[in-house]
Amino acid sequence: MQHFRTAVLDALERVLIDVEGAPDRAALAQALSKPPKPEMGDLAFPCFLLAKALKTAPPKIAAELAEKVEPRGLIAGAKPFGPYLNFFADAGAVLAELVVGLEDGSFEQSLRTEAPQRVMVEFSQPNTHKVFHVGHLRNVSVGDALQRVFRARGHDVIAANYYGDFGIDVAKCLWQLEHGDVGEAPGEGQRGSWLGQIYAQAGAHLTALEEAGDEAGLARVKGEMRGILDAIKAGEEPYTSRYRETRQWCLDEFGTVYTWLDVNFDTDFFESDLEEPGHAIVDEYLAKGVFEPSQGAIVCMLDDYKLGPALVRKSDGTSLYLTWDLVLARRKFDEFGVERSLYVVGAEQTYHFRQLFATLERMGYERAKDCTHVAYELVMLPEGKMSSRKGKVVTFAEVRDDIVEAIGERMRTDERNDRSDWSDEKWRETVDRIAVACLRYGMLSVSNNTRVIFDAAEWTNLEGETGAYLLYSLARISGIFRKGGRTAPAELAAAARGAADFGGEPERALLNHLLAYADVLEQVERTTDPAALSAWIYGGARAFSRFYHDCPVLTADEPLRSARLALSLVTERILGHGLRTLGIEPVEAM
RNA sequence: GCGCCCGUAGCUCAGCUGGAUAGAGCGCUUGCCUCCGGAGCAAGAGGUCGCAGGUUCGAAUCCUGCCGGGCGCACCA
């Protein structure tokens, strides 16, 4: 398929061929932008950067160049707007190219990078024995979207999960399980959350002792917790069996969450596997002189990086989070052959990752510079910060149930659409998809470095800028085809080329919007922030809604009817692609 | 004290590789279902882009300082 953008660059090069000192093609491409209003054209070239070479005022340059541009192929013409030279697309021809490109695969090919790499995206990293809450949902949404974007860009992607399945917090939970009044374990599917509550109780117990000033009690309980951890490390019963069983409950429950969200990992890492290799790696680099003893502990000095010493072994001989990340990084590089490594982790750990990457560099891993900490801000509640220790959280299960309930209610009370022939299975699947769309879109519609405020009332409101709106837009397209039938794409493309009256403002605005998809994916890869993609999809859904409202499709005369069907088709395909890249599966009806 | 992030409409946020009159959603006011799905479309009210300097033909966007908020700064993860 041919791109309008390419056609414009060709045209610019033709008219600038005699101009000495004119920018090269790359610079021209860089300068192209979108006019603020559809009636001002489809692609704008600012003439400021020719002012020096031509020694002429930009508006005059624009006017002169406009004279020289001739209608040709995808270009219908060019007009000057002040200092801008604006190109107009032949809407029908551009649309036909898109239909063809989507059919023969060249559209998807055009989304891909020229330099594919092996990329690992590590995300989710849930802790067993703790609740999975809406904060974790943000991590999964961002990580999975990035993973999908990198795939769409043609990279060889490995999606990695890293379970925090070991450590003193696990022991706290097991201690409370033994000493607290916890009742019987619930049935399958709720045991993980149950353990999460028990963990919170353990935290509350410790806080209570602390606040009561009971230092002896506090020391005793902490000692017992420490003892449980040591017992598991030593393989002693009953703690080892209890640990294995409860750990599995949690992993199983995480699995149901991922299935519901449609998230898949290519590889799993476990903190419990890293203790031993952690000791080895510290010994190795201690011997090499990269690490050194300090105040009874082992550190890596990072003065060259203007960072404090990175602690890799505590004075009691045990290892830390950072140590395990060193082991993991080495595996990622050496065993997986990763060329680029993304860590989707909350912004509060920025300092940790600066130390990690600097330490890796000191260890001789030059690829440390290809490691990126994808930092995202906290998810807050309207009343303030969440705290899993205090049990002040909105759990994933609560959110899922609330939103499923709200969507089900909306559909049951809606008389506009007849769903009497829907099977239970179709109901369930549709509600679930809308729920996932609302949750993921809610998490992805703000930039990584903006805090998300999770307001249940707001999130279950299905009107306005929500995931439901996006699915609704695509469902309307499906409705058109359900009623009008599916015509062969080749026929639609031919009709689009010949439809003289196609190209009204809503049509051109929508078409123009769709053309920017590849740029948006490139931007998300570059910034590792999926928010630009969600914003673009929302903009596309809006543009379609206006088109849908203003331009009747099925009742139009041929060939306009087919041209509009073609536009509906490419919108369905491209917005659908974008939604799936965010991890949102469209529905045909809702 | 040092480092990172954020301050844009009543609220929640886009826009930030400098460019054409600063945009959405929610809320408020008002139109539009005999017409492909009203979970929609259109219009209205609402903004000293935290403050002060600087760079530039041009600054919400870049630089400096200040004010306000969040997070982090070795034996937690």
Side-chain angles (χ1 to χ4, degrees), chain A residues 30-31 33 35-37 40 44 46 48 51 57-58 81-84 86 125 127 130 164 166-169 271 294-300 306-322 324-325 345-352 354-355 375 377-378 380 385 407 410-411 414 416-418 434 445-453 455 457-458 461-473 475-484 506 523 526-527 531-532 534-535 538-539 541-542 545-556 564-565 568 589-590:
Chain A
Q30 181 75 22
S33 64
K37 299 261 182 191
M40 295 169 79
F48 306 101
F81 283 81
Y84 290 87
N86 290 3
Q125 308 111 332
N127 292 317
K130 292 189 190 179
F166 196 65
I168 192 66
D169 287 340
E271 221 165 84
S294 168
Q295 299 173 29
I298 310 292
V299 300
C300 181
K306 292 184 177 148
L307 293 168
L311 191 69
V312 295
R313 179 181 291 167
K314 294 189 272 185
S315 48
D316 67 1
T318 59
S319 52
L320 300 98
Y321 188 47
L322 182 67
W324 304 328
D325 256 334
V345 179
E348 67 277 12
Q349 301 203 34
T350 299
Y351 188 70
H352 164 81
R354 287 178 63 190
Q355 286 197 320
E377 276 293 338
L378 256 48
M380 309 275 290
K385 220 177 141 180
I407 291 161
R410 172 73 181 76
M411 287 170 69
D414 170 44
R416 185 128 185 132
N417 197 12
D418 178 24
I434 299 169
S445 59
V446 298
S447 304
N448 288 344
N449 51 20
T450 302
R451 280 192 300 245
V452 166
I453 293 171
D455 183 338
E458 192 104 341
N461 170 23
L462 303 167
E463 265 146 42
E465 189 186 341
T466 66
Y469 174 76
L470 307 180
L471 294 196
Y472 180 70
S473 303
R476 288 167 123 189
I477 301 181
S478 299
I480 294 174
F481 288 114
R482 209 164 28 244
K483 201 153 275 184
Q523 183 190 341
R526 184 163 36 82
T527 59
S534 20
Y538 177 68
R542 291 219 64 176
S545 291
R546 201 172 334 125
F547 159 75
Y548 183 86
H549 185 267
D550 295 352
C551 308
V553 177
L554 297 176
T555 54
R564 286 179 173 169
L565 276 173
S568 303
M590 59 191 275

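What you see below is based on every heavy atom in this structure, not just the backbone, and it leaves out hydrogens, waters and symmetry mates. All values reported here derive from a predicted model rather than from experimental measurement. Each chain gets a letter, A, B and so on, in the order the sequences are listed, and its residues count up from 1.
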Need to verify one output field. Residue with the more 5' nearest nucleotide on RNA chain B, A:Tyr351 or A:Ala475? A:Ala475

Of A:Lys37 and A:Ile407, the one whose closest nucleotide on RNA chain B sits nearer the 5' end is A:Lys37

Base, sugar-phosphate alone, or nothing: which one does [X] contact when heavy atoms must sit under 4.0 Å apart?
{"X": "A:Ser568", "answer": "nothing"}
{"X": "A:Ala532", "answer": "nothing"}
{"X": "A:Arg546", "answer": "sugar-phosphate"}
{"X": "A:Pro83", "answer": "nothing"}
{"X": "A:Ala347", "answer": "nothing"}
{"X": "A:Arg313", "answer": "nothing"}
{"X": "A:Gln355", "answer": "nothing"}
{"X": "A:Asp418", "answer": "nothing"}
{"X": "A:Ser315", "answer": "base"}
{"X": "A:Tyr321", "answer": "base"}
{"X": "A:Val553", "answer": "base"}
{"X": "A:Phe481", "answer": "nothing"}
{"X": "A:Ala375", "answer": "nothing"}
{"X": "A:Pro552", "answer": "base"}

Main-chain N/O of [Y] paired with [X] side-chain donor or acceptor, under 3.5 Å:
{"X": "A:Thr466", "Y": "A:Ala468", "result": "yes"}
{"X": "A:Glu377", "Y": "A:Ala347", "result": "no"}
{"X": "A:Asn417", "Y": "A:Met590", "result": "yes"}

Between A:Asn127 and A:Asp169, is any pair of side-chain heavy atoms under 4.5 Å apart? no

List in chain and number order the residues that pass ring-ring contact (aromatic ring centres under 6.0 Å, His included) with A:Phe481, two or more places apart in sequence or in another chain; answer none if no residue qualifies. none

Chain A reaches RNA chain B, atoms under 4.0 Å from its heavy atoms, from B:rG3 to B:rA77

Taking the chi torsion of B:rC33, is it syn (within 90° of 0) or anti (everything else)? syn

With syn meaning chi within 90° of zero and anything else anti, the base of B:rA22 is anti

Which pair of non-hydrogen atoms, one from A:Arg313 and one from A:Ala297, has the smallest distance, and what is that distance? O-CB, 3.1 Å

Minimum heavy-atom distance between A:Leu554 and A:Lys483, given as atom pair plus value: CD1-CB, 3.9 Å

Would you say that more than 12 heavy atoms from the other residues, nucleotides or ligands in this model lie under 6.0 Å from the CD of A:Glu348, or not? yes

Taking atom types as modelled, find out whether A:Ser447 and A:Asn449 have a side-chain donor-acceptor pair closer than 3.5 angstrom. no

Rounded to the nearest 0.5 Å, what's the gap from SG on A:Cys551 to CZ on A:Arg564? Could you check? 4.5 Å

Dot-bracket notation for RNA chain B is requested: 5' to 3', Watson-Crick or G-U wobble pairs only, both distances under 3.5 Å, with ( ), [ ], | and . as defined. (((((((..((((.....[...)))).(((((.......))))).....(((((..]....))))))))))))....

